[in-house]
Each structure stands twice: as C-alpha cells, then as structure tokens.
Amino acid sequence: MLLTPRLRPRTSRTAALVAACASVALLAAAAPQPATPLGIGDRLFPHLGNPGYDVQSYDIAFTYKGDNRKPLDAVTKIDARATSRLDRVNLDFSHGTVRSVEVNGAPARFATSDEDLIVTPARPVVPGQPLHVVVRHTSNPVPGKEEVGWVRTKDGLAMANQADAAHRVFPCNDHPADKAYFTFHVSAPKGYTAVANGLPLGKMRQGGATNWAYRTLHPMATELAQVSIGHSAVIHQKGPHGLPVRDVVPAKDAKALAPWLKKTPGQLAWMESKVGRYPFENYGVLVAEASTGFELETQTLSLFERELFMRPEYPKWYVDSILVHEMAHQWFGDSVSPRTWSDLWLNEGHATWYEALYAQEKAHQSMQTRMRNAYRDSDGWRAAGGPPAAPKGPAAGEKISIFRPVVYDGSALVLYALRQEIGTDRFERLERIWVRTHRDSTATTADFTALASRIAGRDLTGFFDGWLYGAKTPPMPGHPDWKSQPAQK
C-alpha cells in the first residue's frame, strides 16, 4: 500500500485495515464453552488469525445485480486441513448475513461474535483431517467507519482488503500467515466486466448476465484478493518472456490512460533486472474511479485511483515511481508475505526502495538526497510510530495508522544503511536470494537478518538491533555528518 500524498487538504479515510482472520480448536475433553472470538496472538492484532487449521484454497462466487449500494449474494467454499482437534471452527467474517453453513458435507450450527463467524460442526474435526466449509452469505458493499473491503467506484465495485478487511467481503482466515489458492466466480449484468486475481477460466452468458471465472496459480494472502466489477476496458499486452499483461480501466478513459499503461512491460523488465524473474502468472494495472487515499498491491492486479493519472500537478516521474512501488510489492509483500504484521517494514521498505531507485535511474531524482532527508526525520518517525521492526500498534479506531512514515522511507533508510554496510554487490545478491528463497511463502524479519549475515560473511546482529529496533537512528555508515533532528514534543 502507498498512501497517496494530496495537493490539497483532505480528511484521511481509513482504507486497508490491518491484520487477519480467526479460527480455533477447543480441546475434546473440555466442557462446552461460549462461542467467542479467538486469535493467533499477532503482536499488533492479537485477536486475529487461526491456529486450528491451514487453508489450502478458497472458491468464492459473487452475484452482482448492478447496484453497488446493495448486498451481493455469495457462496464461499474453503478447503483446509485441521492442525488440531476442532470442536468449533472460527472464521473471520463481518458486514454480511450468513444464511447457512456446511462442514464436510453436513449442516453445521453457527453464531457470530464480534467479527468472527463461529461454526460448530456436526462432529469434531480431528488433526490431519480435511476441512471443507461452505458458507452461503451476503457481502455488503455499503461502507461503515473504518471499513474497506469493497470499494464503491463510480461504475461498480473493487476490493481493497489491506490489512484485515477481506473478512468484510467473504468468510476467511484473514491473516497473511495463511496463504491459499483462490478461484473467483462473478455474475454481473450485461454491460459490466468482472475481473479478479489470476488467469481467466472463461465466461458464459446466462440470461441477462455474464458469469466470469478466474483462478490464481500461486498462493495468495487474503488481504491481496481483488475483484473489480464495472464498465471497464481490458487491455492486453506482453511483458518480459511473453508474460501476459492485463490492464483494467474505465472504458471512457482507455485512450487517456494508454500512455501510462504502455510503460508496464518496461517497468517489469527493470524490476527483473534488479531482483529476478517476475513471480506470478500475469500482471496488470487496475484503475478505479474512486477516492481511497491510497494505491494497493493486490496480487497480479495493482489498484490505483484514477485521479493519480489525471491530475496535472503530479510530475510524470512521480506517477511512474508509484507504479513501480506497487509493482515491487509483487515480489516484496505478495510473493514473499509477512509472517506477522510487525514484519510490515519488509513490504513497504522494499517497495519504497525500488520506487526511489527507479526515480533516480529514470528521472535523476537523487536517492542519496532522499535518504539524507529521511535520516533527518527518522528519530521523529521512530518516536511517533516505533522503530521499523517493532512498530507501535494502531491508534484507537484507526487501524490503517500502522502505515506510518517509519515503514516507508524510514524502512527504506534501513536498506540504504545495509547497502552502505555490506556493499552494493552483496546487497543486490541478498535481494535476489531473498525473493527466490521465500517465493510463494511467508518470512520474518529474523529470516531477513540471518540471510543478510550469511551473505555478508559476518554477524550483523548489532547492526540490525540498532537500525530495526532502536529508539534512536544509528549513525549512517559512510555518512558520519548526517544528523537526525530530535523528535518534536
């Protein structure tokens, strides 16, 4: 996610909430307990996540009837495997009505508590047993305070689920630690185009509607799911190695947006020259006519506000760098996902790094100047938001507030210091090995620091302790004259 700077004052909107689903086992011998929300103990969001099962795949069907103010009919099918005995199964779900639930082919009782859907199977599910859940429900696009999930666009809907808003759209285990494969089925009236993550499986006319289907070829975190429904043009081109590039834009803007879209293959080639082959089956830009206040790295189809491309005040190099920021996330954050939300700096620090590097190489915007300015402000950022790898929790009622400057330029500054410390050759090798080693998986800060030490050929624990966890910014290697301003009180 990149929070888009505005050229005029505006009220910030919480969009892309923060962290994940819940689902848990109650041990067999215990007496029945009340249906309560459960969590995996994420440091920033302890009530989110599920230790009781591992999701393998989601198959989700939506029926859109042409009014983005009314709930969609939906069916969510979850294939998982139990990792402990489950007398109850907790799913994250809110902002919709549950009509029925089945577990392993049998009807199941269900209740809701807070933002959990708590399911009681007809018989307990034992460790290692397949867990197949079918939930028939509605999916409500009408926003509430702090809620994103569905974003209502001028001509339909799109999704913005970061960080914990996927469960406002469909029942799930809404934490990036549990990635899974996705299949989407979308029925929409004539005149609408539906797109989703992954490759198209086909479309079929049925009465006055068209049914569209898409499937991912790589596992995905729930926060990265994307379904867009609108009066859209789908524009196809080829990227490096024949990679399918699919851009989705408002049909009326296709001509105006064409110059921006034509840059995607070259930007993909540039990223591949830095970190290696693109990790997914396709890529594209999704332009939505909506006001969100951010851009978002939904997997294989990054979401952008239409306004970003239409405002003449934004320099072209700046828009290009934002396009690269979300593209870089396909490697850093999407393919290699954070194990916990405290590892967020690995996502945003790297995306900001390649955003700045692209601006330097293509538009002569000095990386060193940007990093020196970041160093100047770093102590203030740490005081406000915590150090990069130990961020403060969100402000009350503002879950998006974990997306603070310290995880953007403040974390790119850590990477700059690391490159200064170990040298450019070792740093670039680290980046390539990192995304290759953890592709289609999750990783932690400890994984990154251990790999950096191995590639550097020496223990970097002391270096990382200061840069990732210190309340004050350490001296910059090679730049002893750089100073950080004291935090404002």
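Both backbone and side-chain heavy atoms feed into the values below; hydrogens, waters and symmetry mates do not.
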* Partner set under ring-ring contact (aromatic ring centres under 6.0 Å, His included) for Tyr358, not counting sequence neighbours -> Trp270
* CA sep, side-chain torsions, deciding dist, call: Val287, Phe309, side-chain contact (heavy atoms from CB on, under 4.5 Å) -> CA-CA 9 Å; Val287 179; Phe309 305 99; 3.8 Å; yes
* For Lys274 and Glu361, what are the C-alpha separation, side-chain angles and deciding distance, and is it a salt bridge (Lys or Arg N to Asp or Glu O under 4.0 Å)? -> CA-CA 12 Å; Lys274 302 302 180 186; Glu361 293 189 7; 2.9 Å; yes
* Asked: Does some side-chain heavy atom of Ile235 sit less than 4.5 Å from a side-chain heavy atom of Leu261?
  -> yes
* Apply the side chain to side chain contact (heavy atoms under 4.5 Å, CB included) test between Val186 and each candidate in Leu72, Asn211, Thr210, Ile229; give the one that qualifies. => Ile229
* With respect to Trp353, which candidate in Phe332, Tyr416, Tyr408 satisfies the side chain to side chain contact (heavy atoms under 4.5 Å, CB included) definition? -> Tyr416
* Interatomic distance, Met204 atom CE to Ser187 atom OG [nearest 0.5 angstrom] -> 9.0 Å
* To do: Answer yes or no: is there a side-chain heavy-atom contact under 4.5 Å between Phe403 and Leu344?
  => yes
* Would you please classify the geometry between the Tyr318 ring and the Tyr314 ring as parallel, tilted or perpendicular, with 30° and 60° separating the classes? => tilted
* Asked: So which of Val75, Val103, Val101, Ile60 actually passes side chain to side chain contact (heavy atoms under 4.5 Å, CB included) with Val135?
  -> Val101
* Pair Glu355 + Arg370: basic N to acidic O under 4.0 Å -> yes
* With Ser228, the side chain to side chain contact (heavy atoms under 4.5 Å, CB included) member among Thr153, Leu303, Leu286 -> Leu286
* Counting only N and O atoms by type, is there a donor-acceptor contact under 3.5 Å from the side chain of Glu305 to the main-chain atoms of Thr292? -> yes
* Asked: Taking the side chain from Ser335 and the backbone from Pro279, do they hold a donor-acceptor pair closer than 3.5 Å?
  -> no
* Option from Phe93, Phe170, Phe62 for which ring pair (Phe, Tyr, Trp, His ring centres under 6.0 Å) with His137 holds -> Phe93
* Asked: Can any side-chain N or O of Asp440 pair as donor or acceptor with the backbone N or O of His218 at less than 3.5 Å?
  -> no
* Aromatic ring pairing His325/His329, orientation class (parallel under 30°, perpendicular over 60°, tilted between) -> perpendicular
* Beyond-backbone contact of Val285 with Val248, side-chain heavy atoms, under 4.5 angstrom -> no
* Asked: Does the side chain of Ser321 come under 3.5 Å of the side chain of Tyr354 through a donor N or O and an acceptor N or O?
  -> no
* Asked: Is Asn140 reaching over with its side chain to a backbone N or O of His95, donor-acceptor style, under 3.5 angstrom?
  -> no
* Asked: Can you tell if the side chain of Val98 reaches within under 4.5 Å of the side chain of Leu117, non-hydrogen atoms only?
  -> yes
* Salt-bridge criterion met for Asp320 and Lys263 (N-O under 4.0 Å) -> yes
* Say whether, by atom type as modelled, one donor and one acceptor occur between the side chain of Asn282 and the main chain of Gly198 under 3.5 angstrom. => yes
* Find the distance between CG (Leu357) and CE (Met271) and round it off to the nearest 0.5 Å. => 9.0 Å
* **Heavy-atom donor-acceptor pair, Ser342 side chain to Ala390 backbone, under 3.5 Å** => no
* Ionic contact status for Arg426 with Glu431, cut-off 4.0 Å -> no
* To do: Step by step, work out the salt bridge (Lys or Arg N to Asp or Glu O under 4.0 Å) result for Glu289 and Lys252.
  => CA-CA 11 Å; Glu289 194 165 1; Lys252 62 185 178 60; 3.1 Å; yes
* Pair Tyr58 and Tyr181, ring centroids less than 6.0 Å apart -> no
* Between atom CZ of Arg419 and atom OG1 of Thr424, what is the distance when rounded to the nearest 0.5 Å? -> 4.5 Å
* Structure fact -> d(Leu415 CG, Met371 CE) to nearest 0.5 Å is 9.0 Å
* Within a strict 4.5 Å, meaning less than it, do heavy atoms of the Trp331 and Val336 side chains meet? -> no
* Asked: Under 4.0 Å between a Lys/Arg side-chain N and an Asp/Glu carboxylate O for Arg168 and Glu115?
  -> yes
* Check the pair Arg339 / Asp447 against salt bridge (Lys or Arg N to Asp or Glu O under 4.0 Å), numbers first and verdict last. => CA-CA 10 Å; Arg339 189 81 49 81; Asp447 294 326; 3.7 Å; yes
* Lys65/Asp73 ion pair, N-O < 4.0 Å -> yes
* **Expected output: side-chain Gln226 to main-chain Ala196 donor-acceptor under 3.5 Å** => no
* Compare all side-chain heavy atoms of Ser139 with those of Trp150 and state whether any distance is below 4.5 angstrom. => yes
* If we only count heavy atoms from C-beta on, is the Glu297 to Met327 side-chain gap below 4.5 Å? -> no
* Asked: Where do Tyr192 and His231 land on the ring pair (Phe, Tyr, Trp, His ring centres under 6.0 Å) test, with the steps shown first?
  -> CA-CA 5 Å; Tyr192 286 89; His231 300 301; 4.3 Å; yes
* salt bridge (Lys or Arg N to Asp or Glu O under 4.0 Å) evaluation trace for Glu102 with Arg136 -> CA-CA 9 Å; Glu102 296 176 7; Arg136 291 174 173 83; 3.6 Å; yes
* Asked: Looking at CG of Leu199 and OG1 of Thr300, how far apart are the two atoms once the value is rounded to the nearest 0.5 Å?
  -> 8.0 Å
* Assert yes or no for the condition that the ring centre distance of His438 to Phe448 is strictly below 6.0 Å. => no
* Run the side-chain contact (heavy atoms from CB on, under 4.5 Å) check on Asn161 and Thr222 step by step: do they pass? -> CA-CA 7 Å; Asn161 295 328; Thr222 50; over 6 Å; no
* Structure fact -> Between Gly410 and Pro388 the two heavy atoms that sit nearest each other are O-CG, 4.2 Å
* Output yes when a side-chain donor or acceptor of Gln56 lies under 3.5 Å from a complementary backbone atom of Asp54, and no otherwise. => yes
* Please check if atom NE2 in His364 has more than 12 non-hydrogen atoms from other residues, nucleotides or ligands closer than 6.0 Å. => no
* To do: Apply salt bridge (charged side-chain N to carboxylate O under 4.0 Å, His left out) to Arg246 and list each qualifying residue two or more places apart in sequence or on a separate chain.
  => none
* Going from NE2 on His175 to OG on Ser337, what distance comes out if it is rounded to the nearest 0.5 angstrom? -> 11.0 Å
* Can you check whether Ser441's main-chain N or O pairs, donor with acceptor, with Lys179's side chain at less than 3.5 Å? -> yes
* Carefully, step by step, assess Asp343 and Thr444 under the rule side chain to side chain donor-acceptor pair (under 3.5 Å). => CA-CA 6 Å; Asp343 301 309; Thr444 65; 5.3 Å; no
* Is there a side-chain contact between Leu346 and Pro338, using heavy atoms and a 4.5 Å cut-off? -> no
* **N/O donor-acceptor pair under 3.5 Å between Arg404 side chain and Pro391 backbone** => no
